[in-house]
J.: 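Got a structure here, written out as structure tokens. Questions coming.
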Amino acid sequence: MAGSSVKDPEAAVQQATVEVRQAEARLASGDRSVTAEALHKLRDKFRHATLSAQGAQARAEQDRQKARLDYLAEVGAGVDRLAADDTAGTIRAALQDAAKAIARVREMAAAHDGRVADLIAAAAEFGVEPLAPGGPRRTSAQVAVDRESIIHKDQRVTPVRQQVELALGLVLRGDLEAAAAEVRPVVPLRAVERPERLLRGRGGALVPLYKDPNTHQLALLRSGDLLELGQRDIDLWLAGELQ
């Protein structure tokens, strides 16, 4: 029957099984109305239903296998289409673009770092003084060199080569926002906290205190091994004019 499923033959098998068992039970109980011919018909019906169910299952399995092969054939066609694409060439071109962009970023970083190095060399040539505790000194026009960076007033300009390399790694991981935040060629000079006290040891070393002296320092103050300086001395120390 068109449109039938495996379940229909299976239901027929179940019905035929029930009918055969019922007839056999009636015959075994002495019911003479169940003739041999009737029982044979029921058993033939059972065998027919069983064979029909098996045939339906075989056809269903064939249909499943055909559907499987048809689907895999579509997958194979997709593989062929993908293989025909010039994926390697496209990626190579994109990688070339990325390499050019990375080279440009590194060139910009190198140019910036070169200018920083030139400014540091020029400052050194004219005797720039080191950074004072309170910032760049007035006697150096508020210019100072601190390791690889150069400072004017409250602006510190630093090299960015290492920052750029870290940023490129973040870009490769897809975090553009973090990469952009990593590169900071200009950093405001941190505001200097004024110490509450300034002490000088017997050897001349200056000791700024940002809180009350501890027990040991109090003992040294009482013994005269530490001398507390005044507020004017703190001003001079911050300006780098007190040695």
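On a predicted model such as this, the values are computed, not experimentally measured, just so you know.
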J.: For Arg200, give me all partners under salt bridge (charged side-chain N to carboxylate O under 4.0 Å, His left out), at least two apart in sequence or on another chain.
T.: none
J.: If you take all heavy atoms of Val128 and Ala144, which pair is closest and at what distance?
T.: CG2-CA, 3.9 Å
J.: For residues 177-189, dump all side-chain donor-acceptor pairs below 3.5 Å to protein atoms at least two apart in sequence or in another chain.
T.:
residue, atom, partner, partner atom, Å
Arg184, NE, Ala181, O, 3.0

J.: If you look only at pairs with a residue in residues 146-160, which of them pass as a side chain to side chain donor-acceptor pair (under 3.5 Å), with sequence neighbours excluded?
T.: Asp146-Arg156, Ser149-Arg156
J.: Look only at the side chain of Asp233 and the backbone of Leu242, and say whether a donor-acceptor pair between them is shorter than 3.5 Å.
T.: no
J.: Taking the hydrophobic residues Ile, Leu, Val, Met, Phe, Trp and Tyr, and joining any pair whose side-chain heavy atoms are under 4.5 Å apart, which ones share a cluster with Leu176?
T.: Val171
J.: Hey, could you give me each pair passing side chain to side chain donor-acceptor pair (under 3.5 Å) that has a residue in residues 117-131? Not counting sequence neighbours.
T.: Glu129-Thr139, Glu129-Ser140
J.: Under the rule for salt bridge (charged side-chain N to carboxylate O under 4.0 Å, His left out), what residues qualify as partners of Arg197, not counting sequence neighbours?
T.: Glu228
J.: May I have all residue pairs that pass side chain to side chain donor-acceptor pair (under 3.5 Å) and include part of residues 84-107, sequence neighbours excluded?
T.: Arg106-Glu165
J.: Can you sort out the partners of Glu241 under salt bridge (charged side-chain N to carboxylate O under 4.0 Å, His left out), two or more places apart, ordered by chain and number?
T.: Arg138
J.: Starting from Leu172, walk the hydrophobic network (Ile, Leu, Val, Met, Phe, Trp, Tyr; side-chain heavy atoms closer than 4.5 Å) and list everyone else you reach, by chain and number.
T.: none
J.: Are Leu82 and Asp80 side-chain neighbours, meaning at least one heavy-atom pair lies under 4.5 Å?
T.: no
J.: Compare every heavy atom of Leu221 with every heavy atom of Leu199, then report the nearest pair and how far apart it is.
T.: CD2-CD2, 4.0 Å
J.: Suppose the criterion is side chain to side chain donor-acceptor pair (under 3.5 Å): which pairs have a residue in residues 209-226, not counting sequence neighbours?
T.: Arg202-Asp225, Ser223-Asp225
J.: Checking Arg173 now: which residues fulfil side-chain contact (heavy atoms from CB on, under 4.5 Å) with it, not counting sequence neighbours?
T.: Leu170
J.: If I take atom CD1 from residue Ile234 and atom CG from residue Leu206, how far apart are they, to the nearest 0.5 angstrom?
T.: 10.5 Å
J.: For the backbone of Pro130 and the side chain of Arg137, can you confirm whether one donor and one acceptor N or O come within less than 3.5 Å of each other?
T.: yes
J.: With sequence neighbours excluded, tell me which residues meet side chain to side chain donor-acceptor pair (under 3.5 Å) with Asp70.
T.: Lys66
